[in-house]
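Report on one structure; see the data block that follows.
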Amino acid sequence: MALTGRTALLAALGSLPVGILAPSWTGMLAVNAPLSLAILCDYAMAAPVRKLRFTRSGDTSVRLGDAVDVHLAVTNPSRRPLRAQLRDAWPPSSWLPGTEQAASRRKLKVPAGERRRLTTRLQPTRRGDRQAARITIRSYGPLGLAARQGNHEVPWTVRVLPPFTSRKHLPSRLARLRELDGRTSVLIRGEGTEFDSLREYVPGDDTRSIDWRATARQSTVAVRTWRPERDRHILIVLDTGRTSAGRVGDVPRLDASMDAALLLTALASRAGDRVDLLAYDRRLRAQVQGRSAGDVLPAVVNALAPLEPELVETDARGLTATALARAPRRSLIVLLTSLDAAPIEEGLLPVLPQLTQRHTVLVASVADPHIARMAAARGTIEGVYEAAAATQTQSQRSRTADHLRRHGVTVVDATPETLAPALADAYLALKAAGRL
């Protein structure tokens, strides 16, 4: 039995000895019998909580930053009306700060034999799976002097997906892709492009595109048009080791890399290329393989949602072996990792030839914009020291990038806000050059 605040107030006013607050029923009956009888009657008339039935419904996924509604149906099969307070418990990261109490605690009335539905609005602040903890319900009697209380487990999971903020860059990159694909007047040429059609020569065309055989059969000069090859294989590799846990501003490096991976996936799948994904540190954390163009982006979003950085050093040899196993023929391997000197020089560079001898390799890394601001600092002794440290850091990253380029690797080093469009531009440039 749970005694309410109203009962405690009566005790404070002297109508009920404090001893009634003891859990012993015999002690309750021994003092102030009329009020004790009223409390017992009130408790007896409260609807039982163990017989209540709960069912959930609603959304099972939401993008980070958006709100989602989860419905809870409460059925009262007893013959007594339910007057209750209910708490629907979820992990703290399921709510915006300061909104948990208002969103999770509700007053509820359910007549005998009827059902009512409550809606809990969640607005998660972290990626991953958010699972309902339990429901705590307190059923009051008609006088509000005593209550029954119990817990119920009603499982439900809401998967919080990456926000994909870089999708705003997709229309402009698709327009450039249509130009490369020959849907506009812009024509390209490269060693990996495919012949598309013949047309009449226009002043300014590349003379290397003239088809002399076709020209000999007609009265005008004919030139070949080209379009990028389709059905190329793109393997996106996310490094989830300790360097991905570092925060750049308010965003972990891994989250910025995920956003870039999503934009590249959307763009490459629209270009007719096949996209696979794997996340690796010392073991395989997530993978998406063999999906169709229409299914690959939802599959990648779902695979990335629960992914978190691991505070371990990435096994570069294991990562390389896993990537080679997933890419048996020539592919574009996009490695989203750090450009810190030690992990690259000691881990990646020794095994890099295994990738570059068979595949085109692109390394993308998240740069810290605060370093650039520090490098520009002047005017104080502290500012000069900060500028010197930042300049040294930039120089080390530049040397590391140069080492990778000497091995034939394309390097993209950009801030979290610009990494996704920069990676998309690098992909389009490789496609235009026929290097895929």
Side-chain angles (χ1 to χ4, degrees), residues 180 188-195 226-241 244 257 260-261 264-265 267-269 271-293 296 299-300 303 313-339 343-365 400-413 422-436:
L180 296 178
I188 66 168
R189 179 178 172 83
E191 59 182 89
T193 54
E194 294 178 346
F195 172 72
W226 308 84
R227 60 183 175 85
E229 289 183 334
R230 303 174 72 86
D231 197 29
R232 302 297 90 184
H233 182 221
I234 316 296
L235 177 61
I236 302 174
V237 182
L238 275 175
D239 178 0
T240 57
S244 68
S257 297
L264 179 59
T265 299
L267 181 61
S269 61
D273 293 332
R274 295 177 295 106
V275 182
D276 290 338
L277 169 99
L278 65 89
Y280 194 94
D281 41 69
R282 288 191 171 275
R283 62 180 179 88
L284 187 64
R285 301 289 177 179
Q287 69 173 334
V288 175
Q289 193 172 11
R291 297 301 182 99
S292 64
V296 64
V300 169
E313 197 71 42
T314 299
D315 177 11
R317 293 186 181 276
L319 184 149
T320 301
T322 304
L324 290 173
R326 301 293 188 286
R329 62 187 183 92
R330 184 170 180 80
S331 307
L332 170 63
I333 296 182
V334 179
L335 176 58
L336 290 147
T337 187
S338 168
L339 276 183
I344 294 292
E345 294 176 0
E346 298 174 10
L348 182 61
L349 283 179
V351 298
L352 191 59
Q354 300 178 37
L355 295 175
T356 55
Q357 69 182 358
R358 189 191 306 176
H359 305 290
T360 301
V361 180
L362 190 158
V363 172
S365 180
T400 302
D402 289 340
H403 284 317
L404 293 172
R405 292 188 181 100
R406 283 197 290 271
H407 283 79
V409 175
T410 301
V411 178
V412 175
D413 188 19
L423 180 58
D425 291 341
Y427 162 76
L428 291 173
L430 291 171
K431 201 169 186 65
R435 293 181 57 191
L436 300 188

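For D276, the salt bridge (charged side-chain N to carboxylate O under 4.0 Å, His left out) test picks out no residue, with sequence neighbours left out. Judged as a side-chain contact (heavy atoms from CB on, under 4.5 Å), and not counting sequence neighbours, the contacts of R326 are L235, L278, L284, Q287, Q289, T322. Partners of R405 according to the side-chain contact (heavy atoms from CB on, under 4.5 Å) rule, which considers only residues two or more places apart in sequence or in another chain, are A401, D402, V411.
Atom CZ of R285 has more than 12 heavy atoms from other residues, nucleotides or ligands within 6.0 Å. In R317, the CZ atom is not crowded: 12 or fewer heavy atoms of neighbouring residues, nucleotides or ligands sit closer than 6.0 Å.
Inter-residue side-chain proximity for H233 and R330 is flagged as unmet; no heavy-atom pair is nearer than 4.5 Å. The shortest distance between side-chain heavy atoms of V275 and L264 does not fall below 4.5 Å. Put simply, the side chain of D425 does not reach to within 4.5 Å of the side chain of V412, judged on heavy atoms. L428 is listed as a side-chain neighbour of L267, based on a closest heavy-atom distance under 4.5 Å. For the pair T265/L277, no side-chain contact is recorded, criterion being any heavy-atom separation below 4.5 Å from C-beta on. L324 has its side chain within reach of Q354: a pair of non-hydrogen atoms, C-beta onward, lies under 4.5 Å apart. Using a 4.5 Å heavy-atom cutoff, the side chains of L423 and L336 are in contact.
If you take CD1 on I344 and OG1 on T400, they are separated by 7.0 Å, rounding to the nearest 0.5 Å. I234 CD1 to Y427 OH: the interatomic distance, rounded to the nearest 0.5 Å, is 5.0 Å. Expressed to the nearest 0.5 Å, how far OH of Y280 lies from OG1 of T337 amounts to 13.5 Å. With rounding to the nearest 0.5 angstrom, the CG atom of L335 is 12.5 Å from the OG1 atom of T410. Within the model, atoms CG of L332 and NZ of K431 stand 9.5 Å from one another, a figure rounded to the nearest 0.5 Å. Rounding to the nearest 0.5 Å gives a distance of 10.5 Å between CG of L348 and OG1 of T314.
Side-chain N or O atoms of H359 include one that pairs as donor or acceptor with a backbone N or O of A327 at under 3.5 Å. Side-chain atoms of D273 come within 3.5 Å of backbone atoms of R232 as a donor-acceptor pair (strictly under, hydrogens ignored).
In plain terms, the two heavy atoms of A323 and V237 that are nearest each other are CB-CG2, 4.4 Å. The two atoms that bring P328 and R358 nearest to each other are O-NH1, 3.7 Å, heavy atoms only. Listed here is the closest heavy atom pair of A316 and G347: CB-O, 3.0 Å. A303 approaches A286 most closely through the heavy-atom pair O-CB, 4.0 Å.
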Run the side chain to side chain contact (heavy atoms under 4.5 Å, CB included) check on L352 and L404 step by step: do they pass?
CA-CA 9 Å; L352 191 59; L404 293 172; 3.8 Å; yes
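In summary, of the residues considered (L355, V363, T356, T360), a side chain to side chain contact (heavy atoms under 4.5 Å, CB included) with I333 occurs for L355 alone.
When only modelled atom types and interatomic distance are considered, S331 and R274 share no side-chain donor-acceptor pair under 3.5 Å. Judged purely by distance below 3.5 Å, without hydrogens or angles, the side chains of D281 and T240 pair a donor atom with an acceptor atom.
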